[in-house]
Amino acid sequence: MSQPDFEIPPAADAPPRPGFAAESADFMSTVAVHLGLALAPGEALAPGHPFDSPTGFACRIHVMDDGERAVGQPHLLLPMSAHELAGDEVVRLMKVQASLMAGLGLWLGLSDNGLLQMHPLAWSADAAEVVQLLDAANGVAADVLRAIALGEEQSP
């Protein structure tokens with residue numbers, strides 16, 4: 001296999017905007033309120049750190065600086081490792097992924113620890129919308145797992 005005749009530039013390591021850390025913390029605090037999480041004094045919902053959703057699935061909210069404001073993207077982790085899939089399950093995974101993208105704008109991919117995860121394709125500057133997107137993923141998560149593992153024909 002030949003190497004491409006171009007180089008992919010490394011990711012820019014731009015320093016965060018002044019005040020972004022506080023803005024990110026405020027964004028996550030607002031997400032926690034919309035989720036109805038009862039956090040102890042001094043405890044905070046941190047970007048990228050897992051927490052349990054009301055339906056029991058592990059979730060993370062990623063936050064980044066879009067240059068003007070903090071934006072968030074919810075990730076819902078599914079309790080299924082990609083390494084567990086073979087044969088017809090892989091075919092079903094691809095069909096479910098296409099259905100989620102076309103119908104709900106959700107990407108079904110891999111988390112950094114090898115579990116399947118769903119997240120919206122877009123980022124949002126509205127904490128309430130981030131929670132709505134997380135709720136949408138929670139709403140179809142069990143159907144997604146059944147469709148992949150058992151081949152049930154319920155469409156997510």
Side-chain angles (χ1 to χ4, degrees), residues 1-14 16 24-25 27-28 30-39 43-66 70-156:
M1 187 157 130
S2 66
Q3 295 293 322
D5 53 350
F6 62 90
E7 281 189 47
I8 298 173
D13 290 327
S24 176
F27 185 87
M28 291 302 292
T30 304
V31 166
V33 168
H34 284 289
L35 285 170
L37 296 178
L39 300 174
E43 187 178 33
L45 187 61
H49 291 272
F51 63 94
D52 289 334
S53 74
T55 58
F57 290 103
C59 305
R60 293 188 278 217
I61 308 293
H62 292 277
V63 178
M64 73 171 187
D65 183 355
D66 76 351
V71 293
Q73 184 183 61
H75 290 229
L76 183 109
L77 301 170
L78 299 174
M80 181 181 284
S81 171
H83 298 290
E84 297 172 9
L85 304 177
D88 289 342
E89 293 170 326
V90 175
V91 173
R92 290 191 298 264
L93 169 72
M94 299 307 294
K95 288 180 180 179
V96 169
Q97 181 186 55
S99 177
L100 286 169
M101 283 182 63
L104 299 173
L106 292 173
W107 174 255
L108 177 61
L110 288 177
S111 69
D112 55 0
N113 61 1
L115 293 177
L116 296 180
Q117 74 175 358
M118 292 187 301
H119 64 81
L121 297 173
W123 293 75
S124 177
D126 181 2
E129 183 179 19
V130 168
V131 172
Q132 290 171 346
L133 293 167
L134 182 59
D135 286 345
N138 268 291
V140 298
D143 289 339
V144 166
L145 289 171
R146 279 192 295 275
I148 294 169
L150 304 175
E152 292 184 5
E153 292 300 316
Q154 290 180 341
S155 179

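What you see below is based on every heavy atom in this structure, not just the backbone, and it leaves out hydrogens, waters and symmetry mates. The first residue in the sequence is number 1, and the count goes up from there. Remember, it's a predicted structure, so these values are computed and weren't measured experimentally.
Shown here for S124 and F27, the closest heavy-atom pair between the two residues is O-CZ, 3.7 Å. Between S53 and N138 the shortest heavy-atom distance is OG-OD1, 2.9 Å. Minimum heavy-atom separation, V63 to M28: CG2-SD, 3.4 Å.
L85 has its side chain within reach of M80: a pair of non-hydrogen atoms, C-beta onward, lies under 4.5 Å apart. Here the side chains of V31 and P74 are not in contact, with every heavy-atom distance at 4.5 Å or above. Between L116 and L110 there is a side-chain heavy-atom pair separated by less than 4.5 Å. With a 4.5 Å cut-off on side-chain heavy atoms, R60 and S111 count as touching. Using a 4.5 Å heavy-atom threshold, the side chains of H119 and H62 count as separate. W123 has its side chain out of reach of D66: every pair of non-hydrogen atoms, C-beta onward, lies at least 4.5 Å apart. Residues L76 and L106 form no side-chain contact, since every pair of their non-hydrogen atoms from C-beta on lies 4.5 Å or further apart. A heavy-atom distance below 4.5 Å is not found between the side chains of L104 and M118.
The distance from the CG atom of L100 to the NZ atom of K95 is 14.5 Å, given to the nearest 0.5 Å. Atom CG of L108 is separated from atom CG of L93 by 5.5 Å, given to the nearest 0.5 angstrom. To the nearest 0.5 Å, atoms CD (Q117) and CG (D112) are separated by 7.5 Å. Rounded to the nearest 0.5 Å, atoms CD1 (I148) and CD (E84) are 11.0 Å apart. In this structure, CD1 on I61 lies 11.5 Å from OG on S24, to the nearest 0.5 angstrom.
Looking only at distances, no side-chain donor or acceptor of Q97 sits under 3.5 Å from a matching main-chain atom of G109.
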Can you check side chain to side chain contact (heavy atoms under 4.5 Å, CB included) on L35 and L134, steps first, answer last? CA-CA 9 Å; L35 285 170; L134 182 59; 3.9 Å; yes
Taking it one step at a time, do F57 and L77 satisfy side chain to side chain contact (heavy atoms under 4.5 Å, CB included)? CA-CA 6 Å; F57 290 103; L77 301 170; over 6 Å; no
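The local environment of CE in M94 is sparse, with at most 12 non-hydrogen atoms from other residues, nucleotides or ligands closer than 6.0 Å.
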